[in-house]
**Q** 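The following block contains the structure, expressed as structure tokens.
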Amino acid sequence: MKSTNTQTKKYGMVIDLDKCTGCGACMVACMAENNVPFKENESNKQDSITWLRVYKMDNGKPYPENDICYLPRPCMHCEGHAGHSPCVSVCPATATDYSTETGIVSQIYTRCFGCRYCMAACPYHVRYFNWWDPVWPEGMEKMLSPNVSVRTRGVVEKCSFCFHRYQLAMEKAHYEGREEIEEEEYQTACCQACPADAITFGDLYNPKHKVFELKQTPGAFRLLERLGTNPKVFYLTSRDWVRKQGDNYLKNEGQVIAKGGH
Amino acid sequence: MSAIEEKKAKTDSGAGFILLFFILGLVSSLLTGWVAFPKLLYSQKSQPFDFNHAIHLDMVDGCESCHFFREDGTYAGVPKLAQCIDCHEEVQGGTEDEAIFVEEYVANYREVPWLIYSEQPDCVFFSHAAHVKSGGMDCVTCHGNIGTSTSLKPYEENRITGYSRDIWGKNIAGIKKNTWDRMKMDDCAACHRENGVKQNSVQTHKGACFVCHK
């Protein structure tokens with residue numbers, strides 16, 4: 001049996017929170033890239049769908065010590081223990097899966113029957129339920145990307161690290177007789193849209209990729225790391241209060257030792 | 001004949017009738033299920049006009065002159081009108097199909113709305129480059145002999161799903177004689193398993209969903 005598996009990869013992101021200005025360009029790029037449905041009136045954010053969401057954090061201190069930080073939150077593509085991320089372990093339909101080739105958590109909308117167990121299991125709120133069939137403004141359905149399938153009412157969706165871009169990059173590689181793709185051939189839409197260069201994307205295993213070094217920056221942290229979800233999105237910041245809000249710390253817990261480097 | 005014997009004969013013929021009706025019922029449900037239902041399930045559509053692969057292949061070199069790869073590795077698939085216009089500005093032969101083509105499409109610069117036999121659902125990602133270039137596979141493996149045929153077969157559309165019959169196949173008992181008889185998920189997956197293509201799923205230990213899905 002010949003094996004056509006490529007080198008094992010682990011795609012991930014490093015987001016520099018000191019650079020993020022909260023402009024929201026990544027959110028817009030993500031919505032457009034992935035055919036994410038929206039409502040006519042988005043004022044009720046509770047059932048809005050945002051694969052990538054920028055959260056605003058506040059250190060809670062009065063002026064002049066007040067400080068804010070914006071935190072973009074894509075899907076963390078948790079590896080958990082050997083690919084058993086929280087959502088993958090609970091899905092009764094195999095609609096969500098973990099690939100050991102790319103480390104990406106997939107969501108197959110046609111398989112999903114909308115039980116939303118995964119949404120309950122995800123500690124990051126990255127999963128969204130389609131309460132309605134998408135309604136595109138007149139003419140907009142012609143602008144949808146054919147590379148990402150659209151969803152219907154009753155299924156869960158989430159960030160895929162723009163997996164279709166990986167598929168297209170691989171397709172080009174096949175055409176050119178290559179087995180592997182270069183770092184710049186597969187980049188997510190949010191990463192490319194960021195005007196502040198706060199988002200870096202690549203293979204966390206590959207020493208030639210920028211994320212390899214960046215994730216080892218002292219003070220790099222991941223959200224709710226202590227839960228053991230083993231997420232693939234790293235955050236950088238020079239501000240201790242930001243790092244502390246990224247996880248559940250005891251009130252008087254001592255100096256935080258930077259983790260990361262996995 | 002005594003009264004008892006008479007009664008017995010009656011019940012005997014009664015049992016015969018029941019058996020007869022049972023067989024009739026069975027046969028008619030089998031016919032409905034195996035013959036009538038598949039006929040009802042699919043509606044037949046014909047292509048806008050017939051196309052003869054064989055005569056064209058004598059005039060151009062190879063499939064690539066019409067079905068080619070773009071520079072980014074994506075597959076152009078069914079040809080666009082621009083690829084035919086050079087030869088078909090005017091009518092070449094005497095067939096009615098060509099007359100329709102030239103008068104209705106070429107003259108009006110209208111793209112031909114070809115029906116695609118092998119078209120997969122929207123959620124499927126398929127790459128010709130992976131199979132034809134890296135895999136070195138032949139078109140016949142998946143498409144049969146369309147490429148050398150002299151006419152196009154009718155297109156059969158599943159009335160419920162809207163998918164082409166070539167996906168689920170003709171044989172409702174599920175018997176597959178040729179590799180191209182069917183192209184369901186299991187057919188893709190079986191070949192991938194044999195060839196060890198990206199068997200990386202944590203859930204199934206088989207092909208990861210995000211190889212063929214998007």
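This structure is a prediction, so every number in the text was calculated from the model and none was measured. Each chain gets a letter, A, B and so on, in the order the sequences are listed, and its residues count up from 1.
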**Q** Are there over 12 heavy-atom neighbours, none belonging to W180(B), within less than 6.0 Å of that residue's CH2?
**A** yes
**Q** So, for V88(A) and Q203(B), which heavy atoms are closest and what is the spacing to 0.1 Å?
**A** O-NE2, 3.3 Å
**Q** Is a donor on one side and an acceptor on the other found under 3.5 Å between the side chain of D97(A) and the backbone of A208(B)?
**A** no
**Q** With a cut-off of 6.0 Å (strictly less than), are more than 12 heavy atoms of other residues, nucleotides or ligands near CG of N158(B)?
**A** yes
**Q** Tell me, out of E171(A), K172(A), R111(A), H164(A), who's got the most heavy-atom pairs with chain B below 4.5 Å.
**A** E171(A)
**Q** Any chance you could measure R151(A), atom CZ, to C123(B), atom SG, to the nearest 0.5 Å?
**A** 12.0 Å
**Q** Nearest 0.5 Å, please: how far is CD in E101(A) from OG in S201(B)?
**A** 12.0 Å
**Q** Donor-acceptor check, side chain of K214(B) to backbone of P146(A), threshold 3.5 angstrom: yes or no?
**A** yes
**Q** Can you tell me how far apart CZ (R70(B)) and OH (Y175(A)) are? Round to the nearest 0.5 Å.
**A** 11.0 Å
**Q** Go through the atoms of H128(B) and report whether side chain, backbone, both or neither lie under 4.5 Å from a heavy atom of chain A.
**A** backbone
**Q** Looking at chain B, which one of T96(A), T102(A), I108(A) has the largest number of heavy-atom pairs inside 4.5 Å, strictly under?
**A** I108(A)
**Q** More than 12 non-hydrogen atoms from neighbouring residues, nucleotides or ligands closer than 6.0 Å to CD on E103(B), yes or no?
**A** no
**Q** Which residue out of A82(A), A169(A), S149(A) racks up the most heavy-atom pairs below 4.5 Å with chain B?
**A** S149(A)
**Q** Please determine whether the number of non-hydrogen atoms from other residues, nucleotides or ligands lying under 6.0 Å from atom NE2 of H56(B) exceeds 12.
**A** yes
**Q** Can you measure from CE (M170(A)) to OG (S127(B)) and round to the nearest 0.5 angstrom?
**A** 8.5 Å
**Q** Please check if the side chain of Q167(A) supplies one atom and the backbone of H213(B) the other of a donor-acceptor pair under 3.5 Å.
**A** yes
**Q** With a sphere of 6.0 Å drawn around CG of N108(B), does it hold more than 12 non-hydrogen atoms of other residues, nucleotides or ligands?
**A** yes
**Q** Would you mind checking which part of A173(A) comes under 4.5 Å of any heavy atom in chain B, side chain (CB onward), backbone (N, CA, C, O), both or neither?
**A** neither
**Q** Decide yes or no on side-chain contact (heavy atoms from CB on, under 4.5 Å) for F210(B) and I104(A), but give the supporting numbers first.
**A** CA-CA 8 Å; F210(B) 258 11; I104(A) 289 176; 4.0 Å; yes
**Q** Just wondering, are more than 12 heavy atoms of other shown residues or ligands nearer than 6.0 Å to CE in M59(B)?
**A** yes
**Q** Look at atom CE of M185(B) and say whether more than 12 heavy atoms of other residues, nucleotides or ligands are closer to it than 6.0 Å.
**A** no
**Q** More than 12 heavy atoms of other residues, nucleotides or ligands under 6.0 Å from OH of Y117(A): is that the case?
**A** no
**Q** Between T110(A) and chain B, with a heavy-atom cut-off of 4.5 Å, which part of the residue counts as in contact: side chain, backbone, both or neither?
**A** side chain
